[in-house]
Amino acid sequence: MIAPVAQALDVERTYRMQGVPIHALRGVTLDVGAGEFLALVGPSGSGKSTLLHLLGGVDKPDVGRVMAGGTDLSSLNDQKLTRHRLEHVGLVFQRFHLLPMLTATENVEIPLAEIGLRRAERRQRSRELLERVGLGDRMKHRPGELSGGQRQRVAIARALANRPSLLLADEPTGELDRETSKGILELFESLAGSGTAIVVATHDLKLAAAAGRQLKMVDGRLNGLELS
């Protein structure tokens, strides 16, 4: 039996704000298979982003386990966990996290440089990805010279740089116009068709409806969801 690309097993995560406990996740269990396109919907503060962070190994649960291909992420030291994220996980954050002094091409190259890819190969791969997200004419622009939607697309291209087996995207179409959102949706569908597992947290019901599975998060818990 092939292990899920990502798996959460009865995970709980609690934060404290000014001494008050905030229960972000309450006993969540979830399997994500290769090539699956899954959408998490729900109100802000329901736990969607926290679950993405746990699946990607960015954060750790207080209770429960997060598995990746049969490996318990909590068993990895910091170095191995960083390597796991670099080689297997693509992350698209709401705030982009682009380096302001670098061009779009150079931002996309960062994870490629970290795995030791040669400069010429990095540059070619970055250009291909930026063209794929519709930014072929913005490759030399820095983040401050780009719109919010364009910065979002640079972040998506960067997340795809190392051909991850798992793509985690937090509101990936939140800054995009309708036509650009359609292009990103088509890109996600193509990636899922080639075997990449995709989990998106979104308020965009069109994006959610295109996913193969939709789950609703409410107060840190998962529920099945039927979209009309």
Side-chain angles (χ1 to χ4, degrees), residues 37-45 48-53 55-59 82 85-115 117 119 121-164 166-192 196-208 210-211:
F37 185 1
L38 168 64
L40 301 174
V41 300
S44 298
K48 303 188 302 297
S49 297
T50 299
L51 181 54
L52 290 186
H53 292 167
L55 292 174
V58 177
D59 193 10
T82 297
R85 289 196 301 265
L86 181 62
E87 295 181 349
H88 301 292
V89 182
L91 293 160
V92 182
F93 297 102
Q94 286 192 52
R95 296 186 179 180
F96 316 139
H97 297 301
L98 302 178
L99 296 182
M101 73 293 293
L102 300 183
T103 65
T105 299
E106 290 166 341
N107 266 287
V108 176
E109 284 184 28
I110 292 172
L112 297 168
E114 290 177 342
I115 65 168
L117 201 66
R119 188 174 186 275
E121 294 176 280
R122 298 199 307 262
R123 191 56 49 91
Q124 180 179 351
R125 173 71 175 155
S126 298
R127 288 172 175 170
E128 290 173 353
L129 285 167
L130 288 170
E131 287 175 354
R132 194 170 184 183
V133 297
L135 291 177
D137 60 343
R138 294 290 187 271
M139 294 184 184
K140 295 183 180 180
H141 288 61
R142 291 180 171 80
E145 301 168 322
L146 300 172
S147 68
Q150 289 168 338
R151 291 195 296 272
Q152 179 70 296
R153 284 183 278 167
V154 174
I156 291 171
R158 183 185 57 190
L160 297 174
N162 285 334
R163 298 180 174 88
L166 175 65
L167 177 65
L168 303 169
D170 202 350
E171 297 292 350
T173 59
E175 295 279 349
L176 306 181
D177 59 47
R178 182 180 300 177
E179 191 61 29
T180 305
S181 295
K182 180 181 177 182
I184 295 301
L185 171 57
E186 290 172 352
L187 172 61
F188 284 176
E189 290 175 329
S190 173
L191 290 167
T196 302
I198 301 173
V199 183
V200 298
T202 184
H203 288 95
D204 182 344
L205 291 184
K206 286 189 176 180
L207 175 60

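Note that the structure is predicted; figures quoted are calculated from it, not measured.
To the nearest 0.5 Å, the span separating CG on Leu160 from OG1 on Thr196 amounts to 7.5 Å. Note: Arg153 CZ to Phe96 CZ = 11.0 Å, rounded to the nearest 0.5 Å. Remark: Leu191 CG to Ile198 CD1 distance equals 5.0 Å, nearest 0.5 Å. Residue Glu171 holds its CD atom at 9.5 Å from CG of Leu52, rounded to the nearest 0.5 Å. One distance of note links CG of Leu129 with CD of Gln124; it measures 10.5 Å at 0.5 Å rounding. For the atom pair Thr202 OG1 and Leu207 CG, the distance stands at 4.5 Å (nearest 0.5 Å).
The nearest pair of heavy atoms linking Lys48 to Pro43 is NZ-O, 3.2 Å. Here the closest heavy-atom approach between residue Ala201 and residue Pro172 is recorded as O-CD, 3.8 Å. Contact record, Leu146 with Gln150: CA-OE1, 3.4 Å, taken as the closest heavy-atom pair.
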Next item on the list: Run the numbers on Glu87 and Glu114 for side-chain contact (heavy atoms from CB on, under 4.5 Å), then give the verdict.
Entry: CA-CA 10 Å; Glu87 295 181 349; Glu114 290 177 342; over 6 Å; no
Check: When you look at Val41 and Asp204, which way does the side-chain contact (heavy atoms from CB on, under 4.5 Å) test go after all the steps?
Finding: CA-CA 8 Å; Val41 300; Asp204 182 344; over 6 Å; no
Note to self: Quick one, Asp170 with Val92, criterion side-chain contact (heavy atoms from CB on, under 4.5 Å). Give me CA distance, side-chain angles, the key distance, then yes/no.
What the structure shows: CA-CA 6 Å; Asp170 202 350; Val92 182; over 6 Å; no
Next item on the list: Check the pair Arg138 / Ser147 against side-chain contact (heavy atoms from CB on, under 4.5 Å), numbers first and verdict last.
Entry: CA-CA 11 Å; Arg138 294 290 187 271; Ser147 68; over 6 Å; no
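Remark: the backbone N or O of Leu86 is paired with a side-chain donor or acceptor of Asn162 at under 3.5 angstrom. In terms of modelled atom types and a separation under 3.5 Å, the side chain of Arg85 and the main chain of Gly57 share a donor-acceptor contact. Side-chain N or O atoms of Arg142 include none that pairs as donor or acceptor with a backbone N or O of Pro100 at under 3.5 Å. With hydrogens and angles ignored, the 3.5 Å screen pairs no side-chain donor or acceptor of Gln152 with any backbone N or O of Leu176.
Inter-residue side-chain proximity for Phe37 and Val200 is flagged as met; some heavy-atom pair is nearer than 4.5 Å. Side-chain atoms of His141 and Arg151, non-hydrogen and from C-beta on, never get closer than 4.5 Å to each other. No side-chain heavy atom of His88 sits under 4.5 Å from any side-chain heavy atom of Leu166. Residues Val89 and Val58 are not in side-chain contact: their nearest non-hydrogen atoms beyond the backbone lie 4.5 Å or more apart. Side-chain contact between Leu168 and Leu55 is present, with at least one heavy-atom pair separated by less than 4.5 Å.
Under the rule for a ring pair (Phe, Tyr, Trp, His ring centres under 6.0 Å), the partners of His97 that lie at least two apart in sequence or sit in another chain are Phe93. The salt bridge (Lys or Arg N to Asp or Glu O under 4.0 Å) check on Glu121 picks up Arg118, with sequence neighbours excluded.
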Identify each donor-acceptor pair in which a side-chain atom of residues 101-112 lies under 3.5 Å from a protein atom, sequence neighbours left out, and give them as a table.
{"unit_1": "Thr103", "atom_1": "OG1", "unit_2": "Glu106", "atom_2": "N", "d": "3.1"}
{"unit_1": "Thr103", "atom_1": "OG1", "unit_2": "Glu106", "atom_2": "OE1", "d": "3.3"}
{"unit_1": "Thr105", "atom_1": "OG1", "unit_2": "Met139", "atom_2": "O", "d": "3.1"}
{"unit_1": "Glu106", "atom_1": "OE1", "unit_2": "Thr103", "atom_2": "N", "d": "2.9"}
{"unit_1": "Asn107", "atom_1": "OD1", "unit_2": "Leu99", "atom_2": "N", "d": "2.8"}
{"unit_1": "Asn107", "atom_1": "ND2", "unit_2": "Leu99", "atom_2": "O", "d": "3.1"}
{"unit_1": "Asn107", "atom_1": "ND2", "unit_2": "Leu102", "atom_2": "O", "d": "3.3"}
{"unit_1": "Asn107", "atom_1": "ND2", "unit_2": "Thr103", "atom_2": "O", "d": "3.2"}
{"unit_1": "Glu109", "atom_1": "OE1", "unit_2": "Arg122", "atom_2": "NE", "d": "3.4"}
{"unit_1": "Glu109", "atom_1": "OE2", "unit_2": "Arg123", "atom_2": "NE", "d": "2.2"}
{"unit_1": "Glu109", "atom_1": "OE2", "unit_2": "Arg123", "atom_2": "NH2", "d": "2.9"}

